[in-house]
Chemist: 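Quick one: this structure, given as structure tokens, is what I'll be asking you about.
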Amino acid sequence: VDTGDWREDGRTVIKYLDSRGIERIDHLVATHGHADHIGGHAAVIEHFETEGDGIGAAYDSGVPHTSRTYENYLDAVEAHDLDLFVVEEGDRLPIDDATVSARVLNPPAGERDDDLHNNSVSLVVEFGEVRYLTTGDAEVEAEARMVEAWRTELDADVYQAGHHGSSTSSTPAFLDAASPEIAIISSDFESQYGHPHDEVLAAFAERDIETYWTGVHGDVVVTTDGSEIDVETKTSFSRDPEALLDAKHG
């Protein structure tokens, strides 16, 4: 799900997957077309199609972007004749494993506007008793719709904080519906946008959510056997949102 910033061009993602012995990607998801989310898509497709066992299929919100990064991604899809599916709420990724499911909760069904953020592909991935929720850059409008339409499906053990921990996401109603035990925030320590925003860290603290922030924890790897959850980080640091807030303001 997503491949990082365009300046990285997929290098970190490819290096990590290679280190884990992963030779094929069955399902490659682009939450939306912004270059900080699909920046490595073209390189990842090229790598696995030419040096690995390929890409099974690609999934997209269907809302195009005008950037060169987005065009490179579509060019790679075409060059390697990949199946590209536009998904909407209620769809399920065709995962060939009875113990794993991935349901799409956003974008909304039918015609949609050109708002890349609020049309972000949002997924609940379930393995055994463990549920993982990721929402791309979905913001207030999309979160409110998901709470209204999919409240029971939002319940999650692990939540990748929407929009890099921006206050435009992770609204109180959404957090109450998801009720995660663990949250992961993906942003730089000195994010140009101030991510994660103080309001989000405060909301996580209020709900006693164990929180990991790539800005201080580095790479965050979550593994599960379908029952227990293990989180490994590159750097040891507090998982208390209040401590992360203190670290942010140094």
Side-chain angles (χ1 to χ4, degrees), residues 1-3 25-32 37-38 56-63 85-110 112 115-166 168-186 200 203-204 207-212 220-231:
V1 180
D2 290 343
T3 53
I25 296 176
D26 294 311
H27 309 279
L28 177 64
V29 178
T31 60
H32 63 293
H37 285 256
I38 62 161
Y59 304 84
D60 195 294
S61 70
V63 179
F85 297 100
V86 173
V87 295
E88 62 183 28
E89 60 174 325
D91 289 343
R92 289 184 181 271
L93 271 57
I95 298 174
D96 189 22
D97 187 330
T99 65
V100 181
S101 68
R103 169 171 276 185
V104 179
L105 305 185
N106 198 62
R112 58 202 64 157
D115 187 322
L116 287 166
H117 284 163
N118 281 316
N119 284 301
S120 288
V121 176
S122 301
L123 295 169
V124 170
V125 181
E126 188 169 3
F127 172 45
E129 299 173 357
V130 175
R131 294 167 59 85
Y132 172 79
L133 173 64
T134 182
T135 62
D137 281 356
E139 296 185 319
V140 174
E141 177 184 321
E143 288 190 351
R145 193 197 60 77
M146 284 189 274
V147 169
E148 178 69 24
W150 296 101
R151 176 180 292 273
T152 58
E153 290 293 326
L154 288 172
D155 182 55
D157 301 286
V158 183
Y159 166 53
Q160 182 176 347
H163 205 170
H164 315 282
S166 171
T168 59
S169 306
S170 300
T171 55
F174 191 81
L175 288 179
D176 290 343
S179 189
E181 298 175 9
I182 296 168
I184 302 166
I185 301 168
S186 179
V200 172
F204 288 176
R207 292 164 175 79
D208 295 321
I209 300 172
E210 183 178 306
T211 304
Y212 297 85
V220 179
V221 180
V222 180
T223 57
T224 181
D225 60 2
S227 177
E228 300 297 322
I229 299 171
D230 181 65
V231 183

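In what follows, residues are counted from 1 in the order of the sequence shown.
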Chemist: What is the minimum heavy-atom distance between S101 and I95, and which atoms define it?
Modeler: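 Answer, listing the atom of S101 first, then I95: C-CD1, 4.3 Å.
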Chemist: Is it true that R103 and E126 make a salt bridge, defined as a side-chain N closer than 4.0 Å to a carboxylate O?
Modeler: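 Here R103 does not pair with E126 in a salt bridge, since their nearest N and O are not under 4.0 Å apart.
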Chemist: I'd like to check T135 versus F174 (side-chain heavy atoms, cut-off strictly below 4.5 Å). Are they in contact?
Modeler: yes
Chemist: Using modelled atom types and a 3.5 Å cut-off, is there a donor and acceptor pairing between side-chain atoms of N118 and backbone atoms of A142?
Modeler: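 Yes, because the side chain of N118 sits within donor-acceptor range (under 3.5 Å) of the backbone of A142.
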Chemist: Flag the pair V222 / D230 as yes when at least one side-chain heavy-atom distance between them is below 4.5 Å, and no otherwise.
Modeler: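 V222 does not reach D230 side chain to side chain.
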Chemist: Main chain of D176, side chain of S179: is a donor-acceptor contact present, judged purely on distance under 3.5 Å?
Modeler: no
Chemist: Among V29, V125, L28, whose side chain to side chain contact (heavy atoms under 4.5 Å, CB included) with V1 holds?
Modeler: V29
Chemist: Is any side-chain heavy atom of I185 closer than 4.5 Å to a side-chain heavy atom of T211?
Modeler: yes
Chemist: Run V63 and R112 through side-chain contact (heavy atoms from CB on, under 4.5 Å) and show every step you take.
Modeler: CA-CA 8 Å; V63 179; R112 58 202 64 157; 3.8 Å; yes
Chemist: Run the side chain to side chain donor-acceptor pair (under 3.5 Å) check on S169 and E139 step by step: do they pass?
Modeler: CA-CA 5 Å; S169 306; E139 296 185 319; 5.2 Å; no
Chemist: I'd like to check L105 versus E153 (side-chain heavy atoms, cut-off strictly below 4.5 Å). Are they in contact?
Modeler: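 Counting from C-beta outward, L105 and E153 do come under 4.5 Å.
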Chemist: Under the salt bridge (Lys or Arg N to Asp or Glu O under 4.0 Å) test, which residues partner R145, sequence neighbours left out?
Modeler: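 Testing R145 for salt bridge (Lys or Arg N to Asp or Glu O under 4.0 Å), a comparison that skips the adjacent residues, returns E89.
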Chemist: Do Y159 and L175 make a side-chain contact, defined as non-hydrogen atoms from C-beta onward lying under 4.5 Å apart?
Modeler: yes
Chemist: Using distance alone, with no hydrogens and no angle criterion, decide if D225 and S227 have a side-chain donor and acceptor under 3.5 Å apart.
Modeler: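 Per modelled atom types, D225 and S227 side chains form no pair under 3.5 Å.
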Chemist: Using the side-chain contact (heavy atoms from CB on, under 4.5 Å) rule, take V158 and L133 through it: C-alpha gap first, then chi angles, then the decisive distance, then the call.
Modeler: CA-CA 6 Å; V158 183; L133 173 64; over 6 Å; no
Chemist: First locate atom CD of E228, then atom CD of E129, and finally report the distance between them rounded to the nearest 0.5 Å.
Modeler: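 One finds 9.0 Å between CD of E228 and CD of E129.
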Chemist: May I ask you to decide if N106's main-chain N or O and E88's side chain share a donor-acceptor pair within less than 3.5 Å?
Modeler: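 No, E88 side chain to N106 backbone: no donor-acceptor pair under 3.5 Å.
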Chemist: Does any part of the side chain of D157, heavy atoms only, come nearer than 4.5 Å to the side chain of I182, both counted from C-beta?
Modeler: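 Contact flag for I182/D157 side chains = no.
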Chemist: Evaluate whether atom CG of D96 has more than 12 neighbouring non-hydrogen atoms of other residues, nucleotides or ligands under 6.0 angstrom away.
Modeler: no
Chemist: Between atom OG of S170 and atom CZ of R207, what is the distance when rounded to the nearest 0.5 Å?
Modeler: 9.5 Å
Chemist: Starting at OG1 of T31, measure out to CG of D2 and round the result to the nearest 0.5 Å.
Modeler: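 Interatomic distance, T31 OG1 to D2 CG, rounded to 0.5 Å: 3.5 Å.
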Chemist: How far does CG of D137 sit from OG of S166, to the nearest 0.5 angstrom?
Modeler: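 So the CG of D137 and the OG of S166 are separated by 8.5 Å.
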Chemist: Look up atom CD1 in I184 and atom CD in E210, then write down how far apart they are to the nearest 0.5 Å.
Modeler: 9.5 Å
Chemist: So, for I209 and P180, which heavy atoms are closest and what is the spacing to 0.1 Å?
Modeler: CG1-O, 3.6 Å
Chemist: Please report the C-alpha distance between V87 and V121 in whole Å, then the side-chain angles of each, then the deciding distance to 0.1 Å, and finally whether the side-chain contact (heavy atoms from CB on, under 4.5 Å) criterion is met.
Modeler: CA-CA 8 Å; V87 295; V121 176; 3.9 Å; yes
Chemist: Does any non-hydrogen side-chain atom of L93 lie less than 4.5 Å from one of L123?
Modeler: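 Yes - at least one pair of side-chain heavy atoms lies under 4.5 Å apart.
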Chemist: For a 4.5 angstrom cut-off between non-hydrogen side-chain atoms, does W150 reach S122?
Modeler: no
Chemist: Between the side chain of R131 and the main-chain N/O of F127, is any donor-acceptor distance below 3.5 Å?
Modeler: no
Chemist: Considering non-hydrogen atoms only, spot the tightest contact between H27 and P94 and give its length.
Modeler: CE1-O, 3.4 Å
Chemist: Answer with yes or no after comparing the ring centroid distance for H163 and H32 against a 6.0 Å cut-off, counting only values under it.
Modeler: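 They do not qualify: ring centres at least 6.0 Å apart.
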